[in-house]
Amino acid sequence: MRTIILKIAASLGFTLLATQAFAHAQLQKATPPVGGTVASPSEIRLEFSEGVEPKFSKVSLTGPGGAAVPLGAAATAPSNQAVLIVPISKPLSPGAYTVHWQAVSVDTHHTQGTFEFTVK
Ligand SMILES: [Cu+2]
C-alpha cells in the first residue's frame, strides 16, 4: 500500500513539473513599466514568456477614480507573437492607472494579471 501511495505521489510530482516546463504566457516586461511613472503613453506593450493569441487576449485600462480608458484593438508585434501591443486612443491625464490583462497563449492556456503605473 505504501508503495502505491509513493508511486501516485511521484506521478503527481512529475505532472506538476511537466506543467511548469510548458509554462503559460507569463508577463515578463511591460511598457509603461510595472509600478513606473511615465509621460502619457501612446500604447501599452506587454511582453510574455510565450506567444499569445491577440483575438482571445484582453487588455483594459482604468484611470483615476476607476474610469475606463478607451483602447484600440490588441495586436501582436509583427516580428514577435509574444509581444502584445494595445493602442491608447487619447492622451492620459496625470494620475494612477491600472492595466488588467488576460492572455491566451498559443497553447490555449489562460493567464491574467493586473499592474499599475502612474502618468506624471
Ligand atoms: Cu501553457
Side-chain angles (χ1 to χ4, degrees):
M1 188 61 194
R2 171 169 283 188
T3 310
I4 291 169
I5 290 170
L6 283 176
K7 276 182 181 167
I8 291 171
S11 74
L12 282 175
F14 177 77
T15 304
L16 286 173
L17 285 175
T19 303
Q20 284 173 351
F22 298 101
H24 313 329
Q26 302 296 340
L27 184 64
Q28 292 197 317
K29 191 184 169 201
T31 310
V34 174
T37 300
V38 295
S40 178
S42 60
E43 63 181 25
I44 298 169
R45 195 178 175 92
L46 304 175
E47 300 185 28
F48 292 97
S49 56
E50 63 180 273
V52 295
E53 296 285 357
K55 281 181 187 162
F56 304 113
S57 301
K58 281 183 200 159
V59 177
S60 63
L61 181 64
T62 54
V69 176
L71 298 175
T76 49
S79 59
N80 188 352
Q81 211 185 348
V83 177
L84 190 66
I85 299 167
V86 189
I88 298 173
S89 310
K90 58 175 190 176
L92 301 181
S93 50
Y97 290 79
T98 303
V99 176
H100 308 259
W101 60 265
Q102 285 180 286
V104 176
S105 55
V106 289
D107 65 6
T108 73
H109 292 141
H110 295 236
T111 49
Q112 62 181 323
T114 62
F115 68 90
E116 295 183 6
F117 67 88
T118 301
V119 173
K120 61 186 172 194

Worksheet, complete the sentence: For Ser89 and Pro70, the nearest pair of non-hydrogen atoms, with its separation, is OG-O, 3.4 Å

Discussion item. To check you understand the geometry: which heavy-atom pair defines the closest contact between Lys120 and Ala39, and what is its length?
Written reply: CE-N, 3.9 Å

Worksheet item: Does any non-hydrogen side-chain atom of Leu71 lie less than 4.5 Å from one of Ile88?
Response: yes

Worksheet entry | Atom pair NZ (Lys90) and OG (Ser40), whose distance is rounded to the nearest 0.5 Å | 10.5 Å

Discussion item. Tell me whether Ser57 contacts the main-chain N or O of Val104 through its side chain, where contact means a donor paired with an acceptor under 3.5 Å.
Written reply: yes

Worksheet item: Any idea which heavy atoms bring Ser49 and His24 closest together, and the distance?
Response: OG-O, 3.0 Å

Worksheet item: Are the side chain of Thr111 and the backbone of Ala25 linked by a donor-acceptor contact shorter than 3.5 Å?
Response: yes

Worksheet item: Side chains of Ile85 and Pro54: closer than 4.5 Å at any heavy-atom pair?
Response: no

Worksheet item: To the nearest 0.5 Å, how far apart are NZ in Lys58 and NE2 in His110?
Response: 9.5 Å

Discussion item. Which heavy atom of Ala73 sits nearest to which heavy atom of Pro87, and what is that distance?
Written reply: O-CD, 3.3 Å

Practice prompt. For Ala30 and Phe115, work out which heavy atoms get closest and say how close.
Written response: CB-CZ, 3.5 Å

Item to complete: Report yes or no: do Val38 and Leu46 belong to one cluster of Ile/Leu/Val/Met/Phe/Trp/Tyr joined by side chain heavy-atom distances under 4.5 Å?
Response: yes

Fill in: Common cluster, Leu27/Val106, ILVMFWY with side-chain heavy-atom separation under 4.5 Å
no

Discussion item. For Trp101 and Phe48, take the angle between the two ring planes, folded into 0 to 90°, and tell me which bin it lands in: parallel under 30, tilted 30 to 60, perpendicular over 60.
Written reply: perpendicular

Discussion item. When you compare the side chain of Leu61 with that of Leu92, does any pair of heavy atoms fall below 4.5 Å?
Written reply: yes

Worksheet item: Do Tyr97 and Pro32 touch side chain to side chain, with heavy atoms closer than 4.5 Å?
Response: no

Worksheet entry | Same apolar cluster (I L V M F W Y, side chains within < 4.5 Å links), Val34/Leu84 | yes

Practice prompt. Please tell me if the side chains of Val59 and His100 come closer than 4.5 Å, counting only heavy atoms from C-beta onward.
Written response: no

Worksheet, complete the sentence: Closest non-hydrogen contact found for Val52 with Ala103 is CG1-CB, 4.1 Å

